J.: 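Questions regarding the structure given below will be posed in turn.
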Amino acid sequence: MAHQHSSRGRLSPLSDTEDMADMSRLLAPRLAYFAGVARTEHVTRAAREMGVPQSTLSRAMVRLEQDLGVDLFARHGRTVSLTPAGRTFLASVERALAEVERAAEEVRADADPATGKVAFGFLHTMGAETVPGLLQAFRADHPRVRFSLVQNYGEAMLEGLRAGELDLCLTSPVPDAPDLVARRLDEQKLRLVVPADHRLATRRRIRLAEAAEENFVTLEPGYGLRRITDDLCREAGFRPRIAFEGEEAETLRGLVAAGLGVALLPPPAVARPGVRELTVTAPRAAREIGVAWLADRPDTPPVAAFKKFLLSRRGTLLP
């Protein structure tokens, strides 16, 4: 290895993000080589341990010092020793390499067929019965697969798919977007929920138009169930008068019981006192439940297994 002087400088000082990215691309391939030479203090021995030609390793160290503009090694014949700058650099390099190894172990573990991880999102209304039942059934055959669960409204989960935060999600309405793949799994009837002492409480069936003068409690805009509610009311010939906008269906059911208004909701996991739930005969009041994932993203084995399981529950997803 030819001796290099610290007065040389190849790169301009880092001044912005682009410069930093350029430096990272230059340095990254040589960091493991540098750590190996620093550990053995002998280029020939380091080359043998790492399984690379000595000439390749020597050139890599020269280029590294040129790129940094700093001497990292003092040369003593066939051996080398770290300069003060080399010792400072080595401490950071070892931390960086350890972090890369930790990240590699994490992604390998998440992709393991038996013990890997699935990031799974679902609607709030799926949380009481549907999702616990699905996970219990799946884990009967895959007991060590891990789940990262996110409970949210539909649009937020679709953004989670796009951001790489979720692998799969159960949502409604079933999305139709070019960057997503979605499959319909089941259908859930919606009911008009009214207070127990309401003028309509003695009815079992109702046309939605008969509730045109009522106050409605609904989910906030952006929730799939809110969009369905607005569409059904429009189809019935009216625009709902909104008394409250919330984030959770059971909260709405409680507010109906308190007399704040009526609501279009899926059936509850457990019957709630203080309300009556009426079958809507017109228009047809139902929502489709589907599973969605990002198009063209390869699945890890645990994600593929859970996706196959969900698709096998088509028509039997809901309790």
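Note that the structure is predicted; figures quoted are calculated from it, not measured. Positions are given from 1 along the sequence. For the numbers below, each heavy atom of this structure counts, side chains included, while hydrogens, waters and symmetry mates do not.
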J.: Tell me whether Leu294 shares a hydrophobic cluster with Val174, the cluster being built from Ile, Leu, Val, Met, Phe, Trp, Tyr side chains joined at under 4.5 Å.
T.: no
J.: Which heavy-atom pair separates Arg205 from Thr281 by the least distance, and what is that distance?
T.: NH2-CG2, 3.5 Å
J.: So which heavy atom on Ile228 is nearest to which on Ala286, and how close?
T.: CG2-O, 4.3 Å
J.: Just verifying a value: how many Å separate Lys189 NZ and Arg284 CZ, rounded to the nearest 0.5 Å?
T.: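 With rounding to 0.5 Å, NZ (Lys189) is 5.5 Å from CZ (Arg284).
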J.: Taking it one step at a time, do Leu278 and Leu200 satisfy side chain to side chain contact (heavy atoms under 4.5 Å, CB included)?
T.: CA-CA 9 Å; Leu278 314 181; Leu200 298 172; 4.1 Å; yes
J.: State, to 0.1 Å, how close Arg191 and Pro268 come at their nearest heavy-atom pair, and which atoms those are.
T.: NH1-CD, 4.2 Å
J.: Does Arg39 pair with Glu94 as a salt bridge, N-O distance under 4.0 Å?
T.: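 Glu94 and Arg39: not salt-bridged.
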J.: In plain terms, say whether Arg253 and Glu277 are close enough for a salt bridge, that is, a side-chain N and a carboxylate O under 4.0 Å apart.
T.: yes
J.: Could I get the full list of side chain to side chain donor-acceptor pair (under 3.5 Å) partners for Glu235, not counting sequence neighbours?
T.: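 Side chain to side chain donor-acceptor pair (under 3.5 Å) check on Glu235 returns nothing, list empty.
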J.: Angle class for the Phe34/Phe89 ring planes (parallel below 30°, perpendicular above 60°, tilted otherwise)?
T.: tilted
J.: Looking at Val52 and Tyr33, what are the two nearest heavy atoms and their distance?
T.: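 It is CG1-OH, 3.5 Å.
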J.: Minimum heavy-atom separation for Pro132 and Glu129, please, with both atom names.
T.: CD-O, 3.4 Å
J.: For a side chain to side chain contact (heavy atoms under 4.5 Å, CB included) check, start with the C-alpha distance between Asp186 and Thr316, then their side-chain angles and the critical distance, and finish with the verdict.
T.: CA-CA 7 Å; Asp186 216 333; Thr316 62; 5.5 Å; no
J.: What's the separation between atom CG in Asp197 and atom CZ in Arg276, rounded to the nearest 0.5 Å?
T.: 9.0 Å
J.: Indicate if Leu264 and Phe238 have the same hydrophobic cluster label, given that clusters are the connected sets of ILVMFWY residues with side-chain heavy-atom separations under 4.5 angstrom.
T.: yes
J.: In terms of side-chain geometry, is the basic nitrogen of Arg102 or Glu105 positioned less than 4.0 Å from the acidic oxygen of its partner?
T.: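 Between Glu105 and Arg102 there is no salt bridge, as every charged N stays at least 4.0 Å from the carboxylate O atoms.
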J.: Does the plane of the ring in Phe122 sit parallel, tilted or perpendicular to the ring in Phe120? Use 30° and 60° as the thresholds.
T.: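 Because their plane-to-plane angle lies in the 30° to 60° range, the rings of Phe122 and Phe120 count as tilted.
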J.: Under 4.0 Å between a side-chain nitrogen and a carboxylate oxygen: does that hold for Arg30 and Asp67?
T.: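 Yes.
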J.: Using the rule that Ile, Leu, Val, Met, Phe, Trp and Tyr join whenever any side-chain heavy atoms are under 4.5 Å apart, tell me whether Leu90 and Val80 fall into a single cluster.
T.: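 The answer is yes; both residues are in one hydrophobic cluster.
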J.: Side chains of Ser172 and Glu288: is there a donor and an acceptor less than 3.5 Å apart?
T.: no
J.: Do Glu214 and His198 have side-chain atoms, one donor and one acceptor, less than 3.5 Å apart?
T.: yes
J.: Is a salt bridge present between Asp179 and Arg162, judged by a nitrogen-to-oxygen distance below 4.0 Å?
T.: yes
J.: With the 4.5 Å side-chain cut-off for hydrophobic clustering, are Val150 and Leu219 part of the same group?
T.: no
J.: Report the C-alpha distance between Met157 and Glu155 in whole Å, list the side-chain angles of each, state the deciding distance to 0.1 Å, and finish with yes or no for side chain to side chain contact (heavy atoms under 4.5 Å, CB included).
T.: CA-CA 5 Å; Met157 288 192 294; Glu155 286 301 321; over 6 Å; no
J.: Tell me whether Leu208 shares a hydrophobic cluster with Val194, the cluster being built from Ile, Leu, Val, Met, Phe, Trp, Tyr side chains joined at under 4.5 Å.
T.: yes
J.: Output the distance between atom CG (Asp231) and atom CZ (Arg227), rounded to the nearest 0.5 Å.
T.: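 Interatomic distance, Asp231 CG to Arg227 CZ, rounded to 0.5 Å: 7.5 Å.
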J.: With a 4.0 Å cut-off, would you call Asp167 and Lys307 a salt bridge?
T.: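 Salt bridge: no.
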J.: Are the ring centres of Phe244 and Phe216 closer than 6.0 Å?
T.: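 No - the distance between ring centres of Phe244 and Phe216 does not fall below the 6.0 Å cut-off.
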J.: Please lay out, stage by stage, how Glu65 and Arg59 fare under the test salt bridge (charged side-chain N to carboxylate O under 4.0 Å, His left out).
T.: CA-CA 10 Å; Glu65 290 180 312; Arg59 285 194 300 271; over 6 Å; no
J.: Between the side chain of His42 and the main-chain N/O of Arg45, is any donor-acceptor distance below 3.5 Å?
T.: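 At least one qualifying donor-acceptor pair exists.
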J.: Return yes if a side-chain donor-acceptor contact under 3.5 Å exists between Arg226 and Thr218, otherwise no.
T.: yes
J.: Report yes if the side chains of Leu225 and Pro266 come closer than 4.5 Å at any heavy-atom pair, otherwise no.
T.: yes
J.: Report the C-alpha separation of Glu220 and Tyr153 in whole Å, then their side-chain angles, then the decisive distance to 0.1 Å, and conclude whether the side chain to side chain contact (heavy atoms under 4.5 Å, CB included) test is met.
T.: CA-CA 10 Å; Glu220 295 177 348; Tyr153 65 97; over 6 Å; no
J.: Decide whether Arg234 and Thr229 meet the rule of one side-chain donor and one side-chain acceptor closer than 3.5 Å.
T.: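 Per modelled atom types, Arg234 and Thr229 side chains form no pair under 3.5 Å.
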